[in-house]
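Just the heavy atoms: all of them, side chains too, but no hydrogens, waters or symmetry mates, feed the values below.
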Amino acid sequence: MNAQSEPAEPEPDAPARPPLVRELLLVAGLFLVYKFGRQLATGHTAEAFRNARHVWDWERVLRLPDEGTVQSLLLHGDTLVHVANTYYAFVHFPATLAFLVWLYLRRPAHYVWARRVLAAVTGAALVLHLLFPLAPPRMLGATGLIDTARLFGPSVYGPPRTDALSNQFAAMPSLHFGWALMLAIGLIVATRTRWRWLWLLHPLVTLLVIVGTANHYWLDVIAATALLGLALAVLRLPRPRQRPRCGLPHRRSEVRRRSSAERPELVGAGR
């Protein structure tokens, strides 16, 4: 049997797409937990500012770059800082939702994996928010940073004391960056185009935005990356199952035996 007559390699089993209603409830729950779960950490203002001073001092000891350098780049023009504020306010949730919808429709196995990883990272982040309330650098006078969203707009936060929709003392870890990095990793893994590595621009831009707008410290980003790395190490993407080859080598030998048995013998061929 030559190479041209070899049977085609069987396709891997296509995973079943999860029920839509169940997934809508799960994803909606994930977003609600992210949005409202942090409210449990309210009422720790003094501790949040104390932790902020510690984080700022730790970054100086570790000689991490000054967040003010990134902010000074944004402040070169009103348009640039306005775009950064808009990116922070309006890209985070829609981009993550579009990522999950695309995976659900086109890559069901990747979707289940990505949803589990995002849920694990979000849950771990909320625990850390409770254990370590942290005021963002825009609130800490020692940083010398300004609240770009309040001065240039648009802003998604109100005054901290009257903001009933979000806990602004939950800077560590940065779920803005953690989700953005998972989006890039998920799309790189789920696609095969050589341009897929450009998805890394999303977490890179997100990093510059959250630091430049003084919403997060560098250590917030490092903490988010560590949580995501741990989640990816535990929740691995399942390998597609291959269909069994149905005893192909055995069938080949059986075909050869049948062919030999059915071949007529030539009388007198050995004389």
Side-chain angles (χ1 to χ4, degrees), residues 33-75 81 84-85 88-89 92 120-151 155-182 203-233:
V33 167
Y34 170 80
K35 195 66 177 177
F36 299 109
R38 297 187 304 175
Q39 288 291 70
L40 296 174
T42 56
H44 300 279
T45 303
E47 184 181 359
F49 277 98
R50 184 168 58 252
N51 290 335
R53 288 188 288 271
H54 291 329
V55 167
W56 185 254
D57 292 339
W58 294 339
E59 289 191 343
R60 308 290 74 79
V61 171
L62 296 173
R63 296 186 179 182
L64 295 177
D66 188 356
E67 288 86 346
T69 303
V70 180
Q71 186 170 91
S72 63
L73 296 175
L74 297 182
L75 295 177
V81 70
N85 292 333
Y88 179 86
H92 177 51
V121 170
T122 303
L126 292 177
V127 173
L128 190 53
H129 292 162
L130 292 173
L131 298 177
F132 194 77
L134 180 64
R138 56 186 168 83
M139 294 184 183
L140 189 62
T143 66
L145 301 172
I146 65 174
D147 188 346
T148 61
R150 182 176 61 84
L151 294 178
S155 176
V156 294
Y157 300 122
R161 293 183 179 181
T162 61
D163 190 354
L165 295 179
S166 61
N167 173 27
Q168 298 186 43
F169 300 111
M172 181 181 290
S174 171
L175 285 177
H176 260 76
F177 182 78
W179 286 17
L181 184 57
M182 181 57 203
L204 176 60
V205 172
T206 300
L207 171 62
L208 297 177
V209 164
I210 63 177
V211 172
T213 58
N215 281 291
H216 287 284
Y217 306 89
W218 294 115
L219 284 178
D220 300 340
V221 175
I222 294 174
T225 305
L227 285 181
L228 179 59
L230 180 61
L232 290 173

Taking every non-hydrogen atom, the tightest pair across V121 and A231
CG2-CB, 3.8 Å
Main-chain N/O of Y157 paired with Q168 side-chain donor or acceptor, under 3.5 Å
no
Verdict with reasoning, M139 to F169, per side chain to side chain contact (heavy atoms under 4.5 Å, CB included):
CA-CA 10 Å; M139 294 184 183; F169 300 111; 3.5 Å; yes
Between atom CZ of R50 and atom OG1 of T45, what is the distance when rounded to the nearest 0.5 Å?
11.0 Å
Worked check of side chain to side chain contact (heavy atoms under 4.5 Å, CB included) between L181 and L207
CA-CA 10 Å; L181 184 57; L207 171 62; over 6 Å; no
Do the side chains of W58 and V61 get nearer than 4.5 Å, heavy atoms only?
no
With side chains defined as the heavy atoms from C-beta onward, is the minimum distance between V127 and L131 less than 4.5 Å?
yes
M182/L232 under side chain to side chain contact (heavy atoms under 4.5 Å, CB included): CA gap, chis, key distance, verdict
CA-CA 9 Å; M182 181 57 203; L232 290 173; 4.0 Å; yes
L208 versus L74, closest heavy-atom pair with distance
O-CD1, 4.5 Å
Taking the side chain as every heavy atom from C-beta outward, state whether E67 and E59 have any pair of such atoms under 4.5 Å apart.
yes
For the residue pair A125 and L175, what are the closest heavy atoms and their distance?
CB-CD2, 3.6 Å
Pair H216 + F177: ring centers closer than 6.0 Å
no
Residue pair N215 / Y88, side-chain heavy-atom distance below 4.5 Å:
yes
Please report the shortest heavy-atom distance between T213 and V209, naming the atom on each side.
OG1-O, 2.7 Å
Report yes if some heavy atom in the side chain of S174 is under 4.5 Å from a heavy atom in the side chain of I210; otherwise report no.
yes
Run the side chain to side chain contact (heavy atoms under 4.5 Å, CB included) check on V211 and Y217 step by step: do they pass?
CA-CA 6 Å; V211 172; Y217 306 89; over 6 Å; no
For the pair N85 (side chain) and S155 (backbone), establish whether a donor and an acceptor sit closer than 3.5 Å, ignoring hydrogens and angles.
no
Any side-chain heavy-atom pair of L219 and L62 under 4.5 Å:
yes
Check whether N51 reaches the backbone of A48 with its side chain - one donor and one acceptor, N or O, closer than 3.5 Å.
no
Looking at W56, does the NZ or CZ of R60 lie under 6.0 angstrom from its six-membered ring centre and within 45 degrees of the ring axis?
yes
Indicate the atoms forming the closest heavy-atom contact of A52 with L140, along with that distance.
O-CD2, 3.7 Å
Sub-3.5 Å donor-acceptor pair from the side chain of Q71 to the main-chain atoms of I146, do we have one?
yes
Under a plain distance cut-off of 3.5 Å, with no hydrogens placed, do W179 and T122 share a side-chain donor-acceptor pair?
yes
Side-chain touch V55/F132, heavy atoms, less than 4.5 angstrom
yes
On a heavy-atom basis, which atom in P173 and which in L227 lie closest, and how many Å separate them?
CG-CD1, 3.6 Å
Rounded to the nearest 0.5 Å, what separation is found between the CZ atom of R138 and the CG atom of L145?
11.5 Å
